[in-house]
Amino acid sequence: MSWRCHGQNYAELVSNLQKHGILSSPEAAAAMSKIDRKLFVPEGGLPYDDAPQVIGFGATISAPHMHGYCLSMLADHLKPGMSVLDVGSGSGYLTAVFALMVGETGWTVGVEHIPELVDHSIVAIKQTPAGSLLDNGHLNIYVADGKLGYAERGPYDAIHVGAAAAELPDALVNQLKPNGRMVIPVGTSSQDLIIVDKLEDGSIRKTVKMGVRYVPLV
Ligand code: SAH
């Protein structure tokens with residue numbers, strides 16, 4: 001079911017993700033609707049297919065159903081004014097959706113280790129309604145090793161990791177606020193998407209959501 005959300009156009013893709021119960025947050029759906037995936041997929045790709053697309057440098061923009069699942073799991077931690085970190089921001093598509101959700105009073109940080117991808121993502125985001133957040137400094141994308149997070153701008157209400165870590169990186173857990181939530185694929189040959197909740201007292205609760213296939217966090 002999760003791979004059947006293809007659309008003839010972007011509105012249809014987003015609507016199919018909602019119909020299949022993947023994109024269950026109305027706020028996430030509203031933000032996603034404003035960031036056309038076509039701007040983040042190279043010429044010749046299939047932006048409205050529910051499948052990953054090659055973006056160069058060994059990276060892919062994840063499948064829309066994975067973006068939908070991750071947005072739904074994080075939606076309560078992406079309220080206006082909150083802080084979010086997107087590790088392995090790649091195309092910048094999901095980073096832009098996060099930025100619209102936390103808005104002008106929030107803070108969005110993307111971290112990606114390939115400089116060309118950071119450049120491309122900034123060019124693409126400038127063509128979307130999230131572009132103004134780049135201009136006013138509430139959205140920043142840095143070239144850095146995402147395993148270390150981005151402590152200078154933390155701690156964060158929400159952390160999304162777009163590449164699979166062999167083990168849960170301590171630095172990222174440390175950069176979560178109390179009541180914060182991280183969604184991260186963990187594993188090597190087989191991977192699980194894990195929700196990491198930091199409770200009020202600072203303790204950690206992990207919930208395994210589903211088996212997944214992501215490119216490795218190197
Ligand atoms: N959410 C992104 C996913 C891109 S694929 C999207 O949908 O566009 C995963 C990305 O993680 C790749 O761009 C890859 O270059 C990046 N990556 C892998 N290891 C990394 C690391 N240690 N630090 C930062 N980025 C990393």
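Everything quoted here is computed from the prediction, not taken from an experiment. Order of listing sets the numbers, starting from 1, for every ligand and every atom in it.
- The shortest distance between side-chain heavy atoms of R153 and N140 falls below 4.5 Å.
- Using a non-hydrogen distance threshold of 4.0 Å, P52 does not register as a contact of ligand 1.
- For the pair H160 and ligand 1, the shortest N or O to N or O distance does not fall below 3.5 Å.
- From the protein, the heavy atom lying nearest to atom 19 (N) of ligand 1 is V218 N, 3.1 Å.
- Each of the atoms 6 (C), 7 (O), 8 (O) of ligand 1 lies under 4.0 Å from some heavy atom of I61.
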CA sep, side-chain torsions, deciding dist, call: K34, T128, side-chain contact (heavy atoms from CB on, under 4.5 Å)
CA-CA 7 Å; K34 294 185 188 134; T128 74; over 6 Å; no
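- The ligand atoms of ligand 1 that sit less than 4.0 angstrom from a heavy atom of D145 are 21 (C), 22 (N), 23 (N).
- Heavy-atom proximity to A59, at under 4.0 Å, picks out these atoms of ligand 1: 12 (C), 13 (O).
- Protein heavy atom at the shortest distance from atom 20 (C) of ligand 1 is L217 CD1, 3.5 Å.
- In this structure a side-chain-to-backbone donor-acceptor pair under 3.5 Å is missing from S25 to A75.
- At least one side-chain heavy atom of V218 sits less than 4.5 Å from a side-chain heavy atom of H113.
- Set against the non-hydrogen atoms of L117, the atoms of ligand 1 under 4.0 Å away are 13 (O).
- Taking 4.5 Å as the limit, every side-chain heavy atom of T60 sits out of range of all side-chain heavy atoms of Y214.
- Residue T60 places a heavy atom under 4.0 Å from ligand 1.
- Annotation: D86 places no N or O atom under 3.5 Å from an N or O atom of ligand 1; distance criterion only.
- At least one heavy atom of P216 sits closer than 4.0 Å to an atom of ligand 1.
- In terms of polar-atom proximity, G162 is not counted as a contact of ligand 1, lacking any N or O under 3.5 Å from an N or O of the ligand.
- The distance from ligand 1 to the heavy atoms of I114 drops below 4.0 Å at these ligand atoms: 15 (O).
- Side-chain contact between F40 and I35: present, with at least one pair of heavy atoms (C-beta onward) separated by less than 4.5 Å.
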Please assess V84 against V109 for the test side-chain contact (heavy atoms from CB on, under 4.5 Å), listing each intermediate value before the final yes or no.
CA-CA 6 Å; V84 51; V109 176; over 6 Å; no
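- Between the side chain of D157 and the main chain of S83, a donor-acceptor pair closer than 3.5 Å is present.
- Near A144, the atoms of ligand 1 lying under 4.0 angstrom from a non-hydrogen atom of the residue are 23 (N), 24 (C).
- A 4.5 Å side-chain heavy-atom check between L139 and V102 finds every atom pair outside the cut-off.
- Here the side chains of I125 and I141 are in contact, with some heavy-atom distance below 4.5 Å.
- The single protein non-hydrogen atom nearest to atom 13 (O) of ligand 1 is E112 OE1, 2.7 Å, given as residue, atom name and distance.
- Contacts with ligand 1 closer than 4.0 Å are made by no heavy atom of T95, backbone or side chain.
- Proximity to S91 (heavy-atom distance under 4.0 Å) selects the following atoms of ligand 1: 6 (C), 8 (O).
- With respect to K38 and D36, no salt bridge is recorded, no charged nitrogen being found less than 4.0 Å from a carboxylate O.
- Not less than 6.0 angstrom separates the ring centroid of Y48 from the ring centroid of H6.
- Atom 26 (C) of ligand 1 has H113 CD2, 3.2 Å as its closest protein atom, hydrogens excluded (heavy atom only).
- An N or O contact shorter than 3.5 Å is missing between V215 and ligand 1 by distance.
- No heavy atom of M66 sits closer than 4.0 Å to any atom of ligand 1.
- Shortest contact from atom 11 (O) of ligand 1 to any protein heavy atom: G88 CA, 3.3 Å.
- At the shortest separation from atom 23 (N) of ligand 1 among protein heavy atoms lies G146 N, 2.7 Å.
- L172 is listed as a side-chain neighbour of V87, based on a closest heavy-atom distance under 4.5 Å.
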